[in-house]
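Data first, discussion second: the structure below is written as structure tokens.
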Amino acid sequence: MGTLDKVVPFISRHIYTLSTANLNRLINGYIRKGNLRDARKLFDQNPTSRNTVIWNTIISAYIQNDEPHNAQNLFDEMPDRDIVSWNTALSGLKKIKNPEGVYLCFLKMRRVGLKPNEFTLSIMISAILDTVFNVLTPQIHAVVVSLGFNSSVFVGSALMRGYAHVGDRVALGRVFDEISIKNVASWNALVLGYMDLGDTDEAQRVFGLMPERNVVSWTTLVNGYIGNKKTSAARSVFDRMTERNVVSWTVMISGYVQNGKFVDALRLFLLMLRSGTQGNHFTLSSVLEACAGCSSLLLGKQVHLNVLKSGIPDDVILSTSLVDMYAKCGDIEAAFCIFQSMPKKNLVSWNSIIGGYARHGLGTRALEEFERMKRLGIRPDHVTFVNVLSACAHGGLVEQGEREFYSMETEFGIQAAVEHYACMVDLFGRAGQLEKAEELIKGMPLEPDVVVWGALLGACGLHSNLELGTFAADGIRRLEQDHPVMYSTLLKIHGEKGVWTSVLELKKKMKEQGARKQTAGSWIESSYGVG
DNA sequence: GCCAACTTGG
């Protein structure tokens with residue numbers, strides 16, 4: 001629509017004030033084209049023609065365009081807020097995952113005397129669903145009942161999800177029964193509820209009772225089995241589907257990926273393409289993860305090509321998946337190139353590139369990116385520090401690693417978790433500072449896991465320390481998580497020290513347990529997926 | 001103009 005661009009400056013030049021109807025029409029036109037900036041300009045230029053609907057439209061557009069700050073500022077400035085304005089604000093707070101804000105906003109709304117409607121209550125319920133505020137679900141239910149919304153399909157489905165998340169199956173069934181006119185969505189919510197409760201049998205039974213089923217019903221069932229780690233059950237439901245859409249394919253593909261079945265995921269992706277369905281950004285980021293999982297650069301590149309050809313708009317998550325795929329498949333330069341070209345980066349993107357450099361042994365590059373990220377005001381999280389510490393370990397940067405470990409708690413308030421300790425043990429261990437590693441383990445406030453002990457054992461293998469190596473092996477045995485690498489490392493140390501009787505004993509034990517010598521690899525990387 | 005059922009990255 002090129003005319004709009006010509007008409008609007010014309011109108012603005014020749015008429016001082018637009019009528020409310022025209023302002024509304026023009027603003028909606030800009031928003032439809034994704035041009036929020038000009039919509040806002042018109043809004044600012046016509047203060048006297050604005051009505052509540054126009055305010056609400058702009059605020060909602062900001063939220064949908066991921067500009068919550070602008071939305072919030074405008075909401076704060078707004079003179080006469082109606083229930084829609086409050087609902088819009090609530091859904092914005094929900095979108096940025098601020099359940100406390102949702103709760104406080106709701107209270108504020110009540111204080112100015114506005115009565116919630118169905119929209120308000122379903123936003124409330126779904127906003128607290130996965131948070132500590134979900135203890136409020138029964139209270140909100142009480143409000144729902146007192147206002148007579150319990151027969152509403154929307155509110156009912158939200159309540160069912162809420163109750164499933166707090167594990168209340170009785171309430172789940174009761175809410176369903178109370179919905180006066182149930183539609184497919186209500187039934188889907190019931191299936192989903194039982195799946196969330198982990199009761200796949202009941203979900204399947206309900207599915208069989210449904211008066212009608214749509215693609216979403218089938219997909220919910222497939223996804224429910226996947227969420228309950230029943231991949232093959234999911235697949236057999238998937239195979240029985242008469243109609244599939246991108247989401248159905250994506251659910252199944254990402255289900256395989258989540259369960260580490262990368263090859264199955266890739267096979268299914270090929271079937272999908274052959275069926276004539278084109279993947280979207282959800283599909284392709286899962287597929288890229290599968291490529292990364294099998295370290296298949298060849299396939300990864302082909303998927304990259306598919307991304308470019310499909311014309312899917314730029315997406316942070318998809319681009320981050322590309323960065324991660326290239327880094328995990330060994331092409332760190334390509335990874336960095338994509339990372340650099342990303343117009344929007346978030347914490348996960350930074351973590352990916354830092355982890356990529358760490359995995360490639362480019363400790364200094366990893367740390368450079370870490371500094372750059374902090375300068376841009378992005379707060380590192382616990383994953384960032386796993387990557388940073390492992391970069392220090394791989395780069396032999398012991399003192400820097402110690403400093404970062406310290407700053408993690410003091411500067412960023414992130415409590416060291418067991419994986420951070422594992423990195424530190426690895427850091428000291430590789431550098432041959434075995435006493436420091438031992439000291440760290442002994443002073444840990446947490447129970448060391450197999451990765452921590454493994455890092456120590458590996459270091460003992462590297463530096464031929466029999467005594468400490470035995471200590472580490474005992475630690476692993478106490479966890480009852482024997483691992484073939486443990487025996488081969490012990491074997492190596494014993495052999496080097498010339499303790500041949502022990503070597504024979506160990507070989508016997510290995511044979512008993514069916515352990516075979518494995519190729520060397522870091523337990524830290526395989527267990528925590530550094531990167 | 002606002003709400004709800006299935007899918008994505010470290």
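Reminder, nothing fancy here: chain letters follow the sequence lines and each chain counts from 1. What you see below is based on every heavy atom in this structure, not just the backbone, and it leaves out hydrogens, waters and symmetry mates.
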Problem - Contact list for residues 235-274 of chain A, test ring-ring contact (aromatic ring centres under 6.0 Å, His included), sequence neighbours left out - result: A:F238-A:W249
Under-4.0 Å side-chain N/O to phosphate OP1/OP2 contact, [X] with [N]:
| X | N | result |
| --- | --- | --- |
| A:R213 | B:dA5 | no |
| A:N87 | B:dC3 | no |
| A:Q258 | B:dT8 | yes |
| A:K328 | B:dG9 | no |

Handout entry: Residue pairs passing the side-chain hydrogen bond (donor to acceptor under 3.5 Å, both in side chains) test where at least one lies in residues 139-148 of chain A, sequence neighbours excluded
Key = A:H141-A:Y163
Under the side chain to side chain contact (heavy atoms under 4.5 Å, CB included) test, which residues partner [X], sequence neighbours left out?
| X | value |
| --- | --- |
| A:R267 | A:V263, A:D264 |
| A:E333 | A:D331 |
| A:T200 | A:M195, A:Y225, A:N228, A:K230 |
| A:L347 | A:N351, A:M373, A:I378, A:D381, A:T384 |

Handout entry: Test ring-ring contact (aromatic ring centres under 6.0 Å, His included) applied to A:F282 - qualifying residues, sequence neighbours left out
Key =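 Once residues adjacent in sequence are excluded, A:F282 has no partner under the ring-ring contact (aromatic ring centres under 6.0 Å, His included) criterion.
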Taking any heavy-atom pair under 4.0 Å as a contact, classify [X]: base, sugar-phosphate, or nothing.
| X | answer |
| --- | --- |
| A:V247 | base |
| A:N117 | nothing |
| A:N183 | nothing |
| A:S349 | base |

Problem - Centroid under 5.5 Å and tilt under 30°, A:F282 to B:dT8 - result: no
Handout entry: Donor-acceptor pair under 3.5 Å, A:N346 side chain vs B:dG9 base
Key =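 Counting by modelled atom types and ignoring angles, a donor-acceptor contact under 3.5 Å is found here.
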Practice task
Decide if atom NZ of A:K95 counts as having more than 12 heavy atoms of other residues, nucleotides or ligands within a radius under 6.0 Å.
Solution key: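 Count over threshold, so yes.
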Handout entry: salt bridge (Lys or Arg N to Asp or Glu O under 4.0 Å) partners for A:D177, two or more places apart
Key = none
Problem - Residue pairs, two or more places apart or on separate chains, that pass salt bridge (Lys or Arg N to Asp or Glu O under 4.0 Å) and touch residues 336-349 of chain A - result: none
Exercise for the section: Please list, by residue number, the residues of residues 283-295 of chain A whose heavy atoms come closer than 4.0 Å to an atom of DNA chain B; answer none if no residue qualifies. Expected result: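 Close to the strand are A:S285, A:S286, A:E289.
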Completion exercise
Under a 4.0 Å heavy-atom cutoff, the residues of residues 57-69 of chain A touching DNA chain B are A:T57, A:S60
Practice task
Go through DNA chain B and write down every stem, that is, every run of at least three consecutive Watson-Crick or G-U wobble pairs with distances under 3.5 Å, as range with range.
Solution key: none
Problem - Minimum-distance nucleotide to A:N188 side chain [options: B:dT8, B:dG9, B:dA5] - result: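 For A:N188, the side-chain atoms sit closest to B:dA5.
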Practice task
Kindly confirm or rule out a cation-pi arrangement of A:R205 over A:Y194, judged by NZ or CZ under 6.0 Å from the six-membered ring centre and within 45° of its axis?
Solution key: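 Pair A:R205/A:Y194 does not count as cation-pi.
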